[in-house]
Amino acid sequence: MERRPNRPIDYLKNSVNRVILIKVKRNRLFRGLLQGFDEHLNLYLEGTSQIFEYQDEDGNIREEHEDLGSIVVRGDNVIFVNLANEE
Amino acid sequence: MERRPNRPIDYLKNSVNRVILIKVKRNRLFRGLLQGFDEHLNLYLEGTSQIFEYQDEDGNIREEHEDLGSIVVRGDNVIFVNLANEE
Amino acid sequence: MERRPNRPIDYLKNSVNRVILIKVKRNRLFRGLLQGFDEHLNLYLEGTSQIFEYQDEDGNIREEHEDLGSIVVRGDNVIFVNLANEE
Amino acid sequence: MERRPNRPIDYLKNSVNRVILIKVKRNRLFRGLLQGFDEHLNLYLEGTSQIFEYQDEDGNIREEHEDLGSIVVRGDNVIFVNLANEE
Amino acid sequence: MERRPNRPIDYLKNSVNRVILIKVKRNRLFRGLLQGFDEHLNLYLEGTSQIFEYQDEDGNIREEHEDLGSIVVRGDNVIFVNLANEE
Amino acid sequence: MERRPNRPIDYLKNSVNRVILIKVKRNRLFRGLLQGFDEHLNLYLEGTSQIFEYQDEDGNIREEHEDLGSIVVRGDNVIFVNLANEE
Amino acid sequence: MERRPNRPIDYLKNSVNRVILIKVKRNRLFRGLLQGFDEHLNLYLEGTSQIFEYQDEDGNIREEHEDLGSIVVRGDNVIFVNLANEE
């Protein structure tokens, strides 16, 4: 029997103390410093911004930010987590 | 094996007896004093206001408040919890 | 290790035999005497009214009531429970 | 420790062999003789009518009935169960 | 302690080898010979027709049938099962 | 106690290595060779086509196919599985 | 008793370190190198592109790509995974 690959949740460990992006249902996007997570993909973030994307009158995609500070995101809202790039 | 980071739910402990914001599905927002929570993110709040955001005729975002007193929020409605800032 | 705060469900005990409000998905609101509950937030209420809110022709919010008597609400429909105020 | 109140599901026992109303998601309403239930609020009913409510041309609420006989309702569709009144 | 009534699922046993109707979310209706089921209300049917209801130009409700043969219905789609009438 | 009928999932065994149709939420339809399944109705298919049904300008129902090769379908998307006919 | 076929999840093992396509609810499509997965179909991908399909002014289907790098997809968003073809 070949070895089972790592679980996706294990890869979040390498992003602790780093900035990640979280794409959430209902067109929400959060950017923040990952400080905690669990197997449901509940996430604890510090220094979080909520990012709203919209089209301006010229059809360009623009971003607006709202500073939220520390948040706990309930995992069942998450579509995907974009991990910090390895340097 | 590196140490597993804290679970997001553990960070709620520091906000007990403090005012938090809860963003809930279907465009609801609650502000209240956190008194209890569990692993489903069920929350017990005292002195709660429900906050409705709307655009007025001039396009400005405005808030209206409804006082609710003590409420139990069922966790599966929660999108995120905005914790009290450390002083 | 600090003491875990009470679970939200425990606060419902103090409202047994008292009138509570239950906000439910799909714009329903119930007011009734709490007689039983469980950890899923299933609720048993007596003397229950279902309250419909609507705007009249002058733009005022109005309420209409329908008497339902004794009902069991399935917990997964609940958004929040508004507990009886302590006297 | 105070005694835990009865679970909502326990109150269904008193309605066995009696006519109850079941309000279900997607605007369905059933009326039937309760013969069985379980902890998921799955229900077994005999002599069941499905009731459709609609507004006629004069704006009055009217009911239409469809006889279904014996049905098993899957519990996750239930919003609330309206128990038989005690006589 | 009074005897717990039968579970709804137990009543399906009497309909094995008989024709039942299954009302499913998203306006689907199946009619078929019940051959197997489980506690999730997953169902195995033989000789199944899918029934579509629509209004014709004169406003009459009409049915169209599509023969499907043997199908496994995933239980979480089921609203209710209409059991075979006892003869 | 009468013998419990087979579970619906057991009937999938007879369709392994045979072509089945899978009707999925959001109007998707897959046709492929069943190679694996589990109790959640997760399915592994080989030689899979995704079938889109649409009405052409004359009102006829037409099908278009997209070849997908080998896919794993997550079970909670499944409405029903149409088993291979016994020969 | 005949041997139970392999579970769908087991077939993902052969695609580790290979490029797969993931079709997700709300019209999202990801293409990336599979590095980890679990029984919920949570997936860890590297070198991921998000693919948006749209119709241009001439009615042709076009694709646009957004590079995401490493992502964890929460399994409950997945409709199906299109495995790498065996060479």
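Here is the naming used below: chain letters follow the sequence lines, and residue numbers restart at 1 for every chain.
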Pairs of heavy atoms under 4.5 Å with chain E: top-ranked of Asn77(D), Leu34(D), Leu45(D), Leu43(D): Asn77(D)
Chain D interface, residue from Leu41(E), Ile79(E), Leu12(E) that has the most non-hydrogen pairs under 4.5 Å: Ile79(E)
Partner set under side chain to side chain donor-acceptor pair (under 3.5 Å) for Asp76(D), not counting sequence neighbours: Arg74(D)
Donor-acceptor under 3.5 Å (Asn42(D) side chain, Arg7(E) main chain): no
From CG (Asp38(D)) to CD1 (Ile9(E)), nearest 0.5 Å: 7.5 Å
Shortest non-hydrogen contact from Val72(D) toward Pro8(E): CG2-O, 3.8 Å
Residues in residues 19-31 of chain E near chain D [non-hydrogen atoms, under 4.5 Å]: Lys23(E), Lys25(E)
Residues of residues 59-69 of chain D within contact distance of chain E, non-hydrogen under 4.5 Å: Leu68(D)
Salt bridge (charged side-chain N to carboxylate O under 4.0 Å, His left out) partners of residues 41-50 of chain D, not counting sequence neighbours, each pair once: none
Greatest number of heavy atom pairs closer than 4.5 Å to chain E - which of Val73(D), Val78(D), Ile71(D): Ile71(D)
Euclidean distance, Tyr44(D) OH relative to Asp10(E) CG, rounded to 0.5 Å: 11.0 Å
